[in-house]
Protein chains: 2
Amino acid sequence: MISERKKKILAAVVDEYIRTAEPVGSKAIAQSGALHCSSATIRNELAELVAMGYLEQPHTSAGRVPTPMGYRMYVNELMEKQKLSLEEAEDMNRRLEAKLRELDATISDVSRLASQMTDYPALALTSRAAATVKRFDLIYVDANTFIIVLMLSGSTVKSKLVHLPVSVDQSLMQRLSSLFNASFTNIAEDQITPLLIRSTERAADDTMGVTSVISAFVIETLTEANTPSAFISGENRLLSQPEFRDPDKAHKLMSYLSGGGYILPSPEGMGDPSEVRVLIGPENVAEELKDSSVIIASYDAGDNTRGLIGVVGPTRMDYSAVAAKLQFLAAGLSRRLGGGEVPPEGMHNKLIIKGDDPNERG
Amino acid sequence: MISERKKKILAAVVDEYIRTAEPVGSKAIAQSGALHCSSATIRNELAELVAMGYLEQPHTSAGRVPTPMGYRMYVNELMEKQKLSLEEAEDMNRRLEAKLRELDATISDVSRLASQMTDYPALALTSRAAATVKRFDLIYVDANTFIIVLMLSGSTVKSKLVHLPVSVDQSLMQRLSSLFNASFTNIAEDQITPLLIRSTERAADDTMGVTSVISAFVIETLTEANTPSAFISGENRLLSQPEFRDPDKAHKLMSYLSGGGYILPSPEGMGDPSEVRVLIGPENVAEELKDSSVIIASYDAGDNTRGLIGVVGPTRMDYSAVAAKLQFLAAGLSRRLGGGEVPPEGMHNKLIIKGDDPNERG
DNA sequence: TGTTGGCACTCTCAACTTTCGAGTGCTAAT
DNA sequence: ATTAGCACTCGAAAGTTGAGAGTGCCAACA
């Protein structure tokens with residue numbers, strides 16, 4: 001077990017290290033107040049904390065630096081859950097409003113927002129839950145041209161202009177329209193079989209292959225709607241972190257990130273929407289992230305869609321501030337996009353932080 | 001005037017410097033062949049080239065490095081216009097096909113492609129020429145819901161689902177649909193005045209403000225279609241360039257780039273689509289680009305839309321290779337997206353390179 | 001038994017010095 | 001006009017030194 005005093009000391013080390021990015025010594029801790037003992041005592045404690053694996057020394061005569069295990073302890077038990085200042089909260093709300101007013105929030109907007117708020121690279125990800133076609137329309141434009149309009153589950157509308165090499169008459173359009181409405185709506189993507197297409201084609205008496213053009217679009221649209229998409233922004237903010245002064249290191253991580261981040265667990269894997277998850281250094285699966293940390297929050301994007309916002313930074317990250325901001329952002333997004341059973345404001349004090357369930361450890 | 005031999009020497013310096021990123025000395029040039037004289041002679045010539053402003057020395061006992069003026073001379077007259085190797089051309093075509101098959105090429109795809117091909121950060125930009133609505137449809141879903149479908153000039157279709165707080169009947173929809181078709185099609189965005197909207201509202205006998213919802217969407221869509229959009233990708237590739245080993249420098253440029261690059265001249269400003277434009281160091285307007293170079297090509301994206309692809313790198317850039325690749329890419333895009341009067345393949349030998357017209361100099 | 005002041009020790013970092021070599025400019029000979 | 005030769009310059013890399021921060025440990029103390 002770890003004594004109360006050790007906890008205090010550990011917390012002080014982490015706080016200080018997060019602030020300064022320099023190894024912290026016994027003296028600094030003694031002076032920081034909060035502890036009523038001399039540096040010598042603290043030295044003893046520090047030595048023990050090193051032995052226990054919570055801290056390490058870059059070299060014999062340097063201060064101490066938290067290990068991933070130390071950060072984990074800090075995140076789980078020690079850090080004081082930060083509340084956002086009123087200004088911060090208002091600023092964030094303002095920005096959210098601005099983004100969400102003009103268009104639906106695209107994931108690129110969400111990730112940009114997260115990155116701006118936290119000053120770290122951020123990524124956003126959505127996995128739409130199995131979309132289906134709710135309604136189907138064909139608009140006849142001219143003999144060679146028509147428009148397909150699909151209304152999907154979840155108030156999305158997709159449309160496409162189709163030019164044909166042959167001419168079709170309006171009655172065929174009519175027939176196809178009602179046939180598709182009858183048999184292609186409310187079914188999952190994988191239920192659109194070649195068999196179904198063929199039988200529709202026959203039923204509509206379509207000899208020029210219009211059916212297959214349309215069904216291809218349907219499949220494509222559903223596939224796209226079901227494919228989780230990811231977006232990352234603010235990679236460059238990495239460069240302002242001292243741990244990425246080495247261009248090679250920075251380059252490695254940045255190309256990993258922009259190569260499409262598989263960093264995040266799937267949104268379904270996340271539990272409670274108000275939960276914030278923290279993955280510290282080696283807890284990450286990806287080799288490239290082994291000495292970075294990732295903080296993740298999830299939001300409800302409506303229509304059974306879950307979204308994820310994540311922030312990437314060095315292990316020496318301001319966990320408390322970032323977690324609070326992300327949670328606030330996620331809650332705001334849920335409130336505006338989602339079903340709406342999210343408690344209104346000010347709920348950012350019951351911040352739940354998780355991340356070390358046994359599955360995720362080696 | 002500059003002698004023939006000086007030109008050869010200058011070219012050799014630039015070539016070598018591009019290759020190695022190290023100042024090049026007289027000896028290296030002498031050994032590189034191409035010149036039949038000793039290093040001493042070359043030294044004399046080099047001294048004169050420095051005096052003329054084409055080269056400079058980082059310090060007394062170092063080799064020579066090209067000045068922007070030297071690069072300009074190189075780009076305009078000296079460099080051998082590179083042709084792509086057959087493999088490169090084929091590879092590029094393959095990728096283009098792959099991208100363009102599935103969906104229309106979004107500018108994000110284009111910029112990603114350019115970045116991948118050249119290994120520099122790349123940005124893409126389109127300015128759509130004044131879009132108009134070609135056709136207008138309203139699809140009645142239920143009493144509170146309908147879908148607006150706009151077909152724009154240039155085969156784009158936009159649609160939106162609208163939920164109303166009040167219920168409307170199908171006949172109103174009908175009336176609005178034909179009214180909008182009659183008076184909102186083929187007119188520019190700024191011709192949609194409050195007056196026009198009001199009169200339409202009256203004509204349709206619309207007492208619940210549906211008209212204004214619809215016209216708002218029309219305006220929004222046209223605005224969006226007319227707004228040039230920019231996209232940048234591959235910023236991280238900067239970091240592999242030795243001139244950006246300094247994280248601060250890299251950070252500055254990268255944040256400038258991702259802050260929305262106004263780097264590129266507007267597509268209209270570009271002349272012939274097969275022209276490639278090069279802006280060297282201080283020739284750039286933006287302060288942040290004063291010691292970087294930008295290479296730009298434009299393509300015809302169909303429907304009177306011009307697109308631009310640009311690549312950003314250090315002044316020590318492989319102008320010849322990048323220019324060739326960009327031109328090929330632009331030509332490929334034009335061929336696939338645009339009107340089609342672009343000569344088929346193999347036209348990349350008549351590469352035209354420009355960039356130093358008097359307007360652009362200080 | 002836990003805490004504290006003191007002291008010798010260790011090790012890094014920054015500043016300074018030295019060395020090495022690439023590259024130059026100049027001169028005299030061809 | 002070209003070239004070989006040579007003294008000179010200057011920066012980068014390697015080596016040297018000193019200061020300071022921080023430690024571990026011991027002996028004294030509560």
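Being a predicted model, the structure only gives us computed values, none of them experimental. Chain identifiers are assigned alphabetically (A, B, ...) following the order of the sequence lines, protein sequences preceding nucleic acid strands; residue numbering begins at 1 within each chain.
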For this session: Between B:Glu45 and B:Pro58, just flag the one whose closest nucleotide in DNA chain D comes earlier from the 5' side.
Result: B:Glu45
Seminar exercise, completed: Side-chain atoms of B:Ser61 come closest, of C:dT10, C:dT4, C:dA22, to C:dA22
Exercise. Is a salt bridge present between B:Glu48 and B:Lys6, judged by a nitrogen-to-oxygen distance below 4.0 Å?
Worked result: yes
Exercise. Does atom NZ of A:Lys27 have more than 12 heavy-atom neighbours from other groups under 6.0 Å away?
Worked result: no
Exercise. Of the candidate nucleotides C:dG25, C:dT12, C:dT4, which contains the atom at the shortest distance from the side chain of A:Thr41?
Worked result: C:dT4
For this session: Would you mind reading off the distance between B:Glu48 atom CD and C:dG25 atom C1', rounded to a whole angstrom?
Result: 14 Å
Exercise. Taking CD from A:Gln57 and P from C:dC11, how many angstroms apart are they, rounded to a whole number?
Worked result: 11 Å
Exercise. Of all nucleotides in DNA chain D with an atom under 4.0 Å from a non-hydrogen atom of chain B, which is the first and which the last going 5' to 3'?
Worked result: D:dT2 to D:dG11
For this session: Give a yes/no on whether any side-chain N or O of B:Arg64 is located under 4.0 angstrom from OP1 or OP2 of C:dT24.
Result: yes
Exercise. Please give, in whole Å, the distance from C:dA22 P to B:Leu46 CG?
Worked result: 18 Å
Exercise. Taking side chain as C-beta onward, heavy atoms only, is A:Val278 less than 4.5 Å from A:Tyr71?
Worked result: no
Exercise. Does a side-chain N or O from A:Thr60 land closer than 4.0 Å to OP1 or OP2 of C:dC11, or not?
Worked result: yes
Problem set entry | Any B:Arg316 side-chain heavy atom under 4.5 Å of B:Tyr17 side chain | yes
Exercise. Any sub-3.5 Å donor-acceptor pair from A:Ser115's side-chain atoms to A:Tyr120's backbone N or O?
Worked result: yes
Exercise. Between C:dT3 atom P and A:Leu35 atom CG, what is the distance in whole Å?
Worked result: 11 Å
Exercise. Donor-acceptor pair under 3.5 Å: do we get one between A:Arg43's side chain and the base of C:dG6?
Worked result: yes
Exercise. Do the side chains of A:Leu55 and A:Leu46 get nearer than 4.5 Å, heavy atoms only?
Worked result: yes
Exercise. Do B:Ile295 and B:Arg277 have side chains that get closer than 4.5 Å, going by heavy atoms?
Worked result: no
Seminar exercise, completed: When rounded to whole Å, the NZ to C1' distance for the pair B:Lys27 and C:dG21 reads 10 Å
Exercise. In whole angstrom, what separates A:Ile42's CD1 from C:dT3's C1'?
Worked result: 12 Å
Exercise. Checking all strands, does A:Ala40 fall into the base, sugar-phosphate, or nothing category for heavy-atom contacts under 4.0 angstrom?
Worked result: base
Exercise. Is there a side-chain contact between B:Met52 and B:Ile2, using heavy atoms and a 4.5 Å cut-off?
Worked result: yes
Exercise. Is A:Arg5 near enough to C:dT3 that one of its side-chain N or O atoms lies under 4.0 angstrom from OP1 or OP2?
Worked result: yes
Problem set entry | Nearest-Å distance for atom pair NE2/C1', residues A:His59 and C:dC13 | 9 Å
Exercise. To the nearest Å, how far apart are A:Lys6 NZ and C:dG2 P?
Worked result: 10 Å
Problem set entry | Whichever of B:Ser38 and A:Pro23 has its nearest DNA chain D nucleotide further upstream toward 5' | B:Ser38
Exercise. Across the strands shown, which category fits B:Ser39 at heavy-atom distances under 4.0 angstrom: base, sugar-phosphate, nothing?
Worked result: nothing
